[in-house]
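In what follows, a single structure is set out as C-alpha cells and then discussed.
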Amino acid sequence: MSKPRVRFAPSPTGSPHIGNIRTAVFDYLYARHTGGAFILRIEDTDRARFVEGSLEELMEGLRWVGMQWDEGPEVGGEYGPYWQSERLENYSKYAQQLIDSGRAYYCYCTKERLEEMRKGQEAAKLPPGYDRRCRALTPEEREAAAAENSNPVIRFAMKREGRTEFDDVIRGRVGFENSLQDDFVMIKADGFPTYHFAAVVDDHLMEITHVVRGDEWISSAPKHVQLYEALGWEAPVWVHPPLILDTTGKKLSKRSETQTTFTYYREAGYLPDAMLNFLATMGWSSGEDRKLFSRAELIEKFSFEGIVNHPAIFDLAKLNDLNGEYIRMMSVDELAEMILPWVQKAGYLGENPTAKDLAYIKEVTALIQDRMVTLGEAPDLVSYFYNCGFDYDEKGIKKHLAKDTTPALLKAIISKLSDVSDWNTERIEAAVREAGASVSMEGGHVIHPVRMSITGRTWGPGLFELMKIIGKERCLTRLQKAIDKFGV
RNA sequence: GGCCCCGUCGUCUAGCGGUCCAGGACAUCGCCCUCUCACGGCGGAGAUCGAGGGUUCGAAUCCCUUCGGGGCUACCA
C-alpha cells in the first residue's frame with residue numbers, strides 16, 4: 001500500500017482557530033508517524049470572506065509549532081496548485097461530467113425564491129431544503145428559466161431513496177437517510193465551487209487517503225460520499241475527531257471567553273512543544289498515565305484509534321501547567337535566550353546586548369525559571385533586576401516598611417552590608433542576619449523589609465540570591481531610598 | 001423541529017465482562033521544605049461510571065428505553 005496522504009485544508013477567512021490547528025496536529029502526527037505526506041491546501045472559494053494576511057498568519061503558526069507541510073504554499077509539490085481558486089478548471093470539468101451523467105443540474109432559482117421557499121417550510125414546520133424544482137426541467141422550461149436568470153448554480157442530484165452509510169475511524173458505521181438529504185450547490189453563481197464539491201475533487205486529485213476534519217462535518221459527509229460514488233472514485237478513509245469546546249460546553253467561537261486565536265498563545269509566550277503536547281493530548285490518548293510527550297514520542301505513539309469520541313473542553317489551567325513544565329525542563333541558557341526578546345521589548349535591554357548583559361540575564365533567568373508559567377511573564381518577573389524606579393506593593397509597605405522599627409533596621413543593614421567586600425550569598429545573608437540581630441530582630445522580620453526595599457514586592461526569588469545579582473551598590477542605594485521614603 | 005454524534009471526579013482522561021466499593025493528571029485543600037512566592041515531596045477531598053430497565057454467577061464495560069449536552073440543517077467553510 002502506498003504512503004498515506006493527509007491534508008489540512010483551512011480557509012483564509014481570519015486568524016487561525018485553535019480548533020483547526022488541533023485538527024492539523026492530528027494530520028501532522030499521522031503523516032509523520034506513517035511516513036506519509038502532510039499537505040496544506042488553501043480553500044479560498046469564498047471570495048467574500050477572504051481576509052488579507054490570514055494565510056500568512058496561519059503558515060507562521062504552523063511553522064511555529066514545528067508542523068512544516070510537505071506540499072502546499074511556498075513549498076510546492078506535484079499535485080498543485082494548492083489554492084482552490086487556481087483550480088477552477090478542475091471543478092467545471094467534473095461538474096460538467098456530472099451534468100452529463102445526470103447527477104447534477106443547473107438551478108435557476110433566485111435567492112429571493114429560495115428565501116420564500118424556506119420561509120414557507122419554516123412556517124409549515126417542514127425540514128428546510130431545496131425543493132428540487134429545477135431538477136427535472138424540460139428543455140422548454142430550462143430555456144425560459146435561463147432567460148430569467150443567466151447565472152444559474154449547479155446542484156448535485158442526491159439520491160432520493162435508501163441510506164448513505166460510511167465508516168468513520170472514530171465513530172464506526174454512520175448512516176443517513178437519503179430522503180432527508182438536500183440537493184446542495186456544487187458550483188455557485190460566481191463560478192466558484194462550494195466546499196463540498198471542491199474538497200471532494202481536490203482530495204481525489206491530490207490522492208488524499210485520509211480525510212481528517214472536525215466533527216461538525218460529519219453530517220455533510222453523505223454529500224461527499226455520494227459525490228465520490230457518482231464520479232466513480234474511491235472514497236478516502238473518514239476521520240472526524242470530536243470538537244474542542246469552550247468553558248460553557250459550546251463549540252469554540254469568537255464569542256467564547258476562551259482565546260480561540262492560535263496566534264494569541266504564541267504572543268502570550270507559550271512554548272511550541274508545550275502547545276503541541278497540549279493540543280495532541282486534548283482528544284487523543286496513548287492509553288498511558290502520562291502528561292508529558294516529546295514531539296518524537298507523540299509521532300511514535302500517535303494513531304487515529306487513540307482519538308477519543310467525545311468533545312473536550314479547552315482548559316487553560318492545563319496548558320499553563322504544561323507550559324511551566326516545559327519551561328522548567330529547559331536549560332538556563334536556552335531559557336535565557338528565549339526570554340531575551342521579551343526583555344528587549346520591555347526596554348530593559350537594547351538591540352545588541354553585550355556579553356555582560358547576556359551573562360547577567362542568565363543569572364536572572366536561573367532565579368525566575370521555577371516561577372514562570374509563560375514567557376510573557378518574563379518582563380514583569382525580571383523588572384527590578386533592571387529597573388530601580390519600581391513601585392512598592394501597597395500591602396507590603398504597610399506590613400513590612402511603615403513601621404517605626406524600619407529605619408533603624410535598614411540603617412543597620414546598610415552599615416553591615418557596606419562592610420561586605422566579597423559580595424556572595426553567604427556573606428550577604430550573614431550580614432543581613434547580623435544586622436537584624438543587632439536591633440533584636442530576626443527571620444522574616446528583617447528579611448521582608450529588605451525584600452520590599454530592594455524589589456518593591458513581598459514575594460520573589462531567595463532574597464540573598466537576588467541581592468547578589470543586583471549587586472552591592474544598587475542594593476545599598478535601594479535600601480537608603482526606602483529609608484528616605486518610608487522612614488518615619 | 002428534523003437528522004447525526006456524544007455522556008467516567010470541576011476539567012483532560014485510563015478502563016474494552018471479574019484484578020474497579022473505578023486509576024492518573026490538572027485545578028482545589030492540608031502538611032512538609034522555607035525569608036516570601038514558586039518549585040519539589042507527602043496526604044486529603046472529589047465520579048453510586050447521566051438515569052431507568054434488562055442480559056449475566058458477575059457490568060463503567062453488552063442490549064433496550066429515557067434524559068442531558070453538542071453538531072449540522074447557506075450560492076460559509
Side-chain angles (χ1 to χ4, degrees), chain A residues 9-13 20 43-46 48-49 107 109-111 114-115 118 121-122 125-130 151-155 168 170-172 174-177 180-182 184-196 198-199 213-222 240 242-243 245 247 249-251 278 281-292 308-322 324 328 367-373 381 396 400 429 432-433 436 442-452 455 457-464:
Chain A
S11 298
T13 55
N20 287 128
E43 312 232 324
D44 54 347
T45 57
D46 187 344
R49 293 207 306 155
C107 171
C109 295
T110 61
K111 293 203 168 170
L114 258 20
E115 198 165 312
R118 247 188 300 270
Q121 289 166 337
E122 215 170 289
K125 300 217 161 140
L126 289 167
Y130 180 57
N151 269 331
V153 301
I154 299 177
R155 285 183 187 272
D168 181 274
I170 293 159
R171 318 269 158 212
V174 183
F176 294 80
E177 217 50 61
L180 268 14
Q181 296 295 318
D182 204 17
F184 64 94
V185 172
M186 292 167 28
I187 304 284
K188 300 182 262 190
D190 65 4
F192 276 66
T194 57
Y195 167 84
H196 301 116
R213 77 234 295 195
D215 191 43
E216 74 260 39
W217 289 106
I218 204 162
S219 43
S220 42
H240 291 98
L243 299 172
L245 274 23
T247 40
K250 297 243 167 32
K251 181 176 162 184
F278 175 67
T281 51
M282 181 162 42
W284 171 80
S285 165
S286 69
E288 304 160 283
D289 281 339
R290 204 141 69 103
K291 70 171 173 180
L292 261 19
V308 302
N309 62 183
H310 56 268
I313 290 172
F314 187 98
D315 186 8
L316 224 210
K318 182 160 298 175
L319 210 210
N320 285 337
D321 171 67
L322 271 179
R328 273 170 258 132
L367 291 198
I368 63 170
Q369 182 164 24
D370 283 352
R371 278 157 259 263
M372 211 178 356
V373 171
L381 289 173
H400 306 301
E429 174 159 9
V432 170
R433 290 196 192 275
E442 56 175 24
H445 294 292
V446 2
I447 285 167
H448 294 315
V450 176
R451 174 188 298 283
M452 272 299 293
T455 71
R457 304 183 187 195
T458 59
W459 57 273
L463 211 223
F464 312 116

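Within 4.0 Å (heavy atoms only), Val308(A) reaches sugar-phosphate atoms of the nucleic acid but no base atom. As judged by a 4.0 angstrom heavy-atom cut-off over every strand, Gly460(A) is placed among the base-contacting residues. The residue Pro242(A) sits apart from the nucleic acid: no heavy atom pair falls under 4.0 Å. Residue contacts shown for Ala312(A) are limited to sugar-phosphate atoms, with no base heavy atom under 4.0 Å away. Val185(A) comes within 4.0 angstrom of sugar-phosphate atoms only, judged by non-hydrogen atoms across all strands, and of no base. Among the atoms of the strands shown, only primed sugar atoms or phosphate atoms (P, OP1, OP2) are found under 4.0 Å from some heavy atom of Arg433(A). Using a 4.0 Å heavy-atom criterion, one finds that Phe176(A) contacts the sugar-phosphate atoms exclusively. Residue contacts shown for Leu180(A) are limited to sugar-phosphate atoms, with no base heavy atom under 4.0 Å away. Among the atoms of the strands shown, only primed sugar atoms or phosphate atoms (P, OP1, OP2) are found under 4.0 Å from some heavy atom of Arg155(A). Note on Gly214(A): nothing from the nucleic acid sits closer than 4.0 angstrom, heavy atoms only. Within 4.0 Å of Gly283(A), counting heavy atoms only, lie sugar-phosphate atoms of the nucleic acid but no base atom. Here Thr45(A) lies in heavy-atom contact (under 4.0 Å) with sugar-phosphate atoms only. Nucleic acid contact for Ile368(A): none, since no nucleic acid atom lies under 4.0 Å from a heavy atom of the residue.
The gap from the P atom of G24(B) to that of A45(B) amounts to 12 Å, rounded to the nearest Å. With both ends at atom C1', the span from A47(B) to U36(B) equals 37 Å, rounded to whole Å. Nucleotides G7(B) and G15(B) place their P atoms 13 Å apart, quoted to the nearest Å. Distance check on atom P: C72(B) versus A27(B) gives 32 Å, rounded to whole Å. Taking atom P on both A77(B) and G18(B), the two are 49 Å apart, rounded to the nearest angstrom. Nucleotides U61(B) and G52(B) are separated by 12 Å at their P atoms, to the nearest Å. Taking the P atom of each, C26(B) and G43(B) are spaced 14 Å apart, rounded to whole Å. Between A22(B) and G68(B), the two P atoms lie 29 Å apart (nearest whole Å).
Considering only the side chain of Arg451(A), C35(B) comes nearest among U11(B), G71(B), C35(B). Checking C35(B), C76(B), C37(B) against every side-chain atom of Trp459(A), the shortest atom distance belongs to C37(B). Comparing A77(B), A27(B), U13(B) against the side chain of Ser285(A) picks out U13(B) as the nearest. Taking the side chain of Asp46(A) as heavy atoms from C-beta on, and the options A77(B), G71(B), A25(B), the nearest nucleotide is A77(B). Looking at the side chain of Phe464(A), the nearest of the listed nucleotides C26(B), C35(B), A74(B) is C35(B). Residue Asp315(A) has its side chain nearest to U11(B) when only U11(B), A74(B), C6(B) are considered. Taking only side-chain atoms of Pro128(A), from C-beta outward, the nucleotide of G1(B), C76(B), G71(B) with the closest atom is G1(B). The side chain of Arg118(A) lies closest to C75(B) when the candidates are C26(B), U13(B), C75(B). Side-chain proximity of Arg328(A) to the nucleotides U11(B), C39(B), G24(B) is greatest for C39(B).
For the pair Asn320(A) CG and U28(B) C1', the computed distance is 15 Å after rounding to whole Å. One can place CG of Leu245(A) at 7 Å from P of G71(B), the figure rounded to the nearest angstrom. Atom CG in Asp370(A) sits roughly 8 Å away from atom P in G40(B) (whole-Å rounding).
A donor and an acceptor atom never sit less than 3.5 Å apart when one is taken from the side chain of Asp215(A) and the other from the base of G71(B). Side-chain to base pairing of Arg171(A) with C5(B): no donor and acceptor N or O lie closer than 3.5 Å to each other. In this model, a side-chain donor or acceptor of Arg371(A) finds a partner on the base of C37(B) within 3.5 Å.
Residue Lys251(A) places none of its side-chain N or O atoms closer than 4.0 Å to OP1 or OP2 of C5(B). Within the structure, every side-chain polar atom (N or O) of Asn151(A) is placed at least 4.0 Å from both OP1 and OP2 of C75(B). Side-chain N/O atoms of Lys291(A) include one lying less than 4.0 angstrom from OP1 or OP2 on C26(B). The shortest distance between the side-chain N/O atoms of His310(A) and the OP1/OP2 oxygens of U13(B) is below 4.0 Å.
Side-chain contact between Asp321(A) and Lys291(A): present, with at least one pair of heavy atoms (C-beta onward) separated by less than 4.5 Å.
With the nearest nucleotide of RNA chain B identified for both Pro152(A) and Thr281(A), Thr281(A) has the one nearer the 5' end. Across the interface with RNA chain B, nearest-nucleotide mapping of Asp321(A) and Leu463(A) shows Asp321(A) to be the residue nearer the 5′ end.
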side-chain contact (heavy atoms from CB on, under 4.5 Å) evaluation trace for Cys109(A) with Tyr130(A): CA-CA 10 Å; Cys109(A) 295; Tyr130(A) 180 57; 3.1 Å; yes

Criterion side-chain contact (heavy atoms from CB on, under 4.5 Å) on Phe464(A) and Ile447(A), from CA distance to verdict: CA-CA 9 Å; Phe464(A) 312 116; Ile447(A) 285 167; 3.9 Å; yes

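Annotation: the span from Thr455(A) atom OG1 to Leu463(A) atom CG amounts to 7.5 Å, rounded to 0.5 Å.
Listed by chain and residue number, His400(A) satisfy the ring pair (Phe, Tyr, Trp, His ring centres under 6.0 Å) test with His448(A) (two or more places apart in sequence, or in another chain).
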Measure all distances between protein nitrogen or oxygen atoms and nitrogen or oxygen atoms of nucleotides 64-66 of chain B, and list the pairs falling under 3.5 Å.
none

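Using the Watson-Crick or G-U wobble rule with both distances under 3.5 Å, C42(B) pairs with G30(B).
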